[in-house]
Amino acid sequence: MPLTLAKSLKARLRSDQPVFGAWVGIPHPIVIELMARSQFDFLLLDGEHSLIGVQDLGSLLPSAELHGTPTIFRPRSKSAADIKAALDAGVSGIMVPMIETAEEARAIVSASKYAPAGVRGIGPWRASGYYEGFEAYLADANDATTVILQLESAKGLANLEDILAVNGFDVLFVGPADLASSLGLPIGRFDGEMRDVLKRVADAAKRAGKLAAIDVPAVSAIPDLVEMGYCLFTIGSDMGFIQASGRGLVRDLAALSTGQGI
């Protein structure tokens, strides 16, 4: 199942259709299953800004796989050990934060790929079905695994073309809040100078044969980004969905109480 899901995500990325995923930050199998039942194209398990650790993946991933949902894991840092451990646990891909140089990009690719393309150690305990599908997994893992690098800083933007020239990764993902902060631009705005930056990234990714991706605050932002050339999006999170639904209900109850005198 993990290899099948990895292949399905890669196939979707190679199509001409936008791909949509949501963030997960609550490390509980029931939350993962509820999110998977929502039928996003993938779930992005966030190990950088939540309590989900690489050690949790073995118990969390089955809940997503139950509903055929690919998973991407974002480690807390550029740690090769965490990248390898996440892939061995069976995630469909990895997304590594704050890539600023071509050297860093090459190191991430190397940690994600088996020889001769990289230095990933051979031990896909869960990814290979507890070694029952060992040979098939080793044969297909390099191509099936999705590798995403995050562009989040002025330094990374200055090295944009050099990063994109690195072979072996699939997607360049803009972290808009960190990138805007690093550039001294308003966070949460996709217009003005920030729009010019986003267009530059999408154009450069296309020239390099890479896919452009971004986190968006609202559905309304997506059409313009698709026109620019972005094709993978994250929108919303488990925590955000709980907060929005709960607050909306409380507002409705307050309005009812006021309007009906109850």
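In this chain, residues are counted from 1 in sequence order.
- Among residues two or more places apart in sequence or in another chain, the side chain to side chain contact (heavy atoms under 4.5 Å, CB included) test is passed with Y131 by P124, W125, S128, F134.
- With sequence neighbours excluded, no residue satisfies salt bridge (Lys or Arg N to Asp or Glu O under 4.0 Å) with D215.
- Screening K10, K210, R12 for a salt bridge (Lys or Arg N to Asp or Glu O under 4.0 Å) involving D170 leaves a single residue, K10.
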For residues 54-61, dump all side-chain donor-acceptor pairs below 3.5 Å to protein atoms at least two apart in sequence or in another chain.
from, atom 1, to, atom 2, distance (Å)
D56, OD2, G53, N, 2.7
S59, OG, D56, O, 3.0

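- Residues forming a salt bridge (Lys or Arg N to Asp or Glu O under 4.0 Å) with E103 (at least two apart in sequence, or on another chain): R106.
- The side-chain hydrogen bond (donor to acceptor under 3.5 Å, both in side chains) test applied to R200 returns no partner, not counting sequence neighbours.
- Scanning for salt bridge (Lys or Arg N to Asp or Glu O under 4.0 Å) contacts around K84 gives an empty result, with sequence neighbours left out.
- Residues satisfying the side-chain hydrogen bond (donor to acceptor under 3.5 Å, both in side chains) test with R14, not counting sequence neighbours, are D143.
- Tested against F233 for a ring-ring contact (aromatic ring centres under 6.0 Å, His included), the candidates F40, F20, F42, W23 yield a single pass: F20.
- Pairs engaging residues 191-219 under the ring-ring contact (aromatic ring centres under 6.0 Å, His included) rule: none recorded [sequence neighbours left out].
- With sequence neighbours excluded, no residue forms a side-chain hydrogen bond (donor to acceptor under 3.5 Å, both in side chains) with K113.
- For residues 45-78, the set of pairs meeting the ring-ring contact (aromatic ring centres under 6.0 Å, His included) definition, not counting sequence neighbours, is empty.
- Partners of Y114 according to the ring-ring contact (aromatic ring centres under 6.0 Å, His included) rule, which considers only residues two or more places apart in sequence or in another chain, do not exist here.
- Using a 4.0 Å cut-off between a side-chain N of Lys or Arg and a carboxylate O of Asp or Glu, R74 and E48 qualify as a salt bridge.
- With salt bridges taken as basic N to acidic carboxylate O contacts below 4.0 Å, one links E65 and R126.
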Donor-acceptor pairs under 3.5 angstrom involving side-chain atoms of residues 173-187: please list them, not counting sequence neighbours.
from, atom 1, to, atom 2, distance (Å)
S182, OG, A154, N, 2.8

